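Here is how names work: the chains are called A, B, and so on, in the same order as the sequence lines, proteins then strands, and each is numbered from 1. It should be emphasised that the depicted structure is a prediction, and the values quoted were computed from it without experimental measurement.
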Protein chains: 2
Amino acid sequence: MYKIEINDFFTSAFSVDCVIFGYSDGEIKALLIQRGMEPYTHFWAIPGDLVYPSEDLPDAAQRILHELTGLENVEMHQSRTFGSPNRHPQGRVITISYFALIRISDFEIKASSWAEKAMWVSLNDIPELAFDHNQILSSTYELLKQKLNNEPICFEMLEQRFTLNEFQQLYEYAFDQTLDKANFRKKIKALPLVPSNESQKNVRHRPAKLFSFDYEKYSSAVQEDNFQFKL
Amino acid sequence: MYKIEINDFFTSAFSVDCVIFGYSDGEIKALLIQRGMEPYTHFWAIPGDLVYPSEDLPDAAQRILHELTGLENVEMHQSRTFGSPNRHPQGRVITISYFALIRISDFEIKASSWAEKAMWVSLNDIPELAFDHNQILSSTYELLKQKLNNEPICFEMLEQRFTLNEFQQLYEYAFDQTLDKANFRKKIKALPLVPSNESQKNVRHRPAKLFSFDYEKYSSAVQEDNFQFKL
DNA sequence: ACTAATTATTGTTTTTTTTACAATAAGTAA
DNA sequence: TTACTTATTGTAAAAAAAACAATAATTAGT
């Protein structure tokens, strides 16, 4: 039998894939790029690329997302790792997926490097993607939904100021159920939402008040009062 | 500037680390090995090793756990991935941690390959471990605790037959709180626990009845009635 | 300025779940 | 048979969630 040497192990590469979620027009969307490079040329894909041999993973995620889509300063969190031996045609490449939620309107996306296009795509309209990216995307979306119930991350994808209805509709979309408006408002009474002076514009009915989420109040409530977000 | 070539990327390795939890004497324990190999010789560590270039990750986890500790047929689930550039002194090695819960009494552990010893260590007595294994262990324990609340995995570490008190004590240990006995029993009324004819032995008081968890009933309840485990 | 339309916002009652606490039953060992 | 200890069941109070209803506020159009 062939004895495997230590150097035989150091023949792999790894990549990060950045699953970026946003919310607009009542739908959750993911940021995708069109590949302008072998393999899977012209396929749509999650923005991702190989990690430099001496680069830390979170740094790589930031760099790669920026190179491909122009997004800067997006803090991402680790999702899952995908490592089937044949997932990449050019060799053994393990990919670590990262994810983040952003406000679509706060960023300008701009395809660059080897990305031909970059585009927000509704989760209802995801085409066949390169590699195992369909699996990565759906698995990360499951993680997102789980976190929506336990962490106040929805405010990262809502507009900075939002109506309570918009807040509610995001949850109704994600969990595919309608919620009682009155009870929803009672539930969120515990959250540090601060009302602004402004209201909705350009609606032909009583405009709703705009709220924003107070992150500072939230984190001190977590620390001091052992508060736990739960929806 | 030096231009990086595709082959420069294929110079990394990756490993899996198998965090195995068990429960005995009222304490959650982890299975550790003592390393008989460079680097970190004689340090205690989570069982883990490099993955073969064409090996799938779950297979690697099974193989490596078996080689080092003798454990066979332990189904593991993915935890997190750790990839700091300097976490391994011999090169860039990313590690994917897997975890499983097992019944300590069902398995015989036996150190082999380059493991000098293998031993169950209470989570209260974890020494300084090799590499970043302390971080891996505590991060995986957090994941375990989260899952304890939402999935019936505790029965994988309890004896096949257990008293309701043992069941309760496991949760009291994990979440460091005392629970009301009467209320705990009401809560678990929804679970498919089947009473056996036998009772505790060798106790100087009324012995408790032994129960076991019916996995089949559980999974059909999940599918048919949309049942959800929650504690 | 008035009206119709629409939605925001608040309130009340009912039901369910959780919590706290108490009482009883059952088995062991002496 | 008795003392002891724990298992098991029950009940009442408190809190949370769900269902439903009513009122208030604002805009657009006449």
Please tabulate the protein-to-nucleotide N/O contacts below 3.5 Å involving nucleotides 27-30 of chain C, giving atom names and distances.
{"from": "dT28(C)", "atom 1": "O3'", "to": "V203(B)", "atom 2": "O", "distance (Å)": "3.1"}

Can you list every side chain to side chain donor-acceptor pair (under 3.5 Å) pair that touches residues 56-68 of chain B, not counting sequence neighbours?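 Sorted pair list: E55(B)-R63(B), R63(B)-E67(B).
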
If a pair satisfies side chain to side chain donor-acceptor pair (under 3.5 Å) and one of its residues is in residues 68-77 of chain A, list it, with sequence neighbours excluded.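 Output for this query is empty, none listed.
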
Please work out whether the ring planes of [X] and [Y] are parallel, tilted or perpendicular, with thresholds of 30° and 60°.
| X | Y | result |
| --- | --- | --- |
| Y218(A) | F213(A) | tilted |
| Y171(A) | F184(A) | tilted |
| Y141(A) | F21(A) | tilted |

All salt bridge (charged side-chain N to carboxylate O under 4.0 Å, His left out) counterparts of R87(B), not counting sequence neighbours: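 Here the qualifying residues are D132(B).
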
In this structure, how many angstroms lie between the [atom2] atom of [N] and the [atom1] atom of [X], rounded?
| X | N | atom1 | atom2 | result |
| --- | --- | --- | --- | --- |
| K186(A) | dA8(C) | NZ | C1' | 15 Å |
| L210(A) | dA8(C) | CG | C1' | 13 Å |
| K189(B) | dT18(C) | NZ | P | 14 Å |

Sole candidate of R80(B), M76(B), K147(B) that passes side chain to side chain contact (heavy atoms under 4.5 Å, CB included) when paired with F99(B):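 Answer after filtering R80(B), M76(B), K147(B): K147(B).
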
Hey, where on DNA chain D does chain B first and last touch, going 5' to 3'? Cut-off is any atom under 4.0 Å from a heavy atom.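 The protein-touched segment is dT5(D) to dT11(D).
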
What are the two closest heavy atoms between Q146(A) and N150(A), and how far apart are they? O-ND2, 3.2 Å

Does a salt bridge link E156(A) with R103(A), judged by any charged N lying under 4.0 Å from a carboxylate O? no

Within residues 161-184 of chain B, the residues having a heavy atom closer than 4.0 Å to DNA chain C are D180(B), A182(B), N183(B)

Go through the steps to decide whether E116(B) and H42(B) satisfy the test side chain to side chain donor-acceptor pair (under 3.5 Å), and finish with yes or no. CA-CA 8 Å; E116(B) 292 180 339; H42(B) 307 316; 3.1 Å; yes

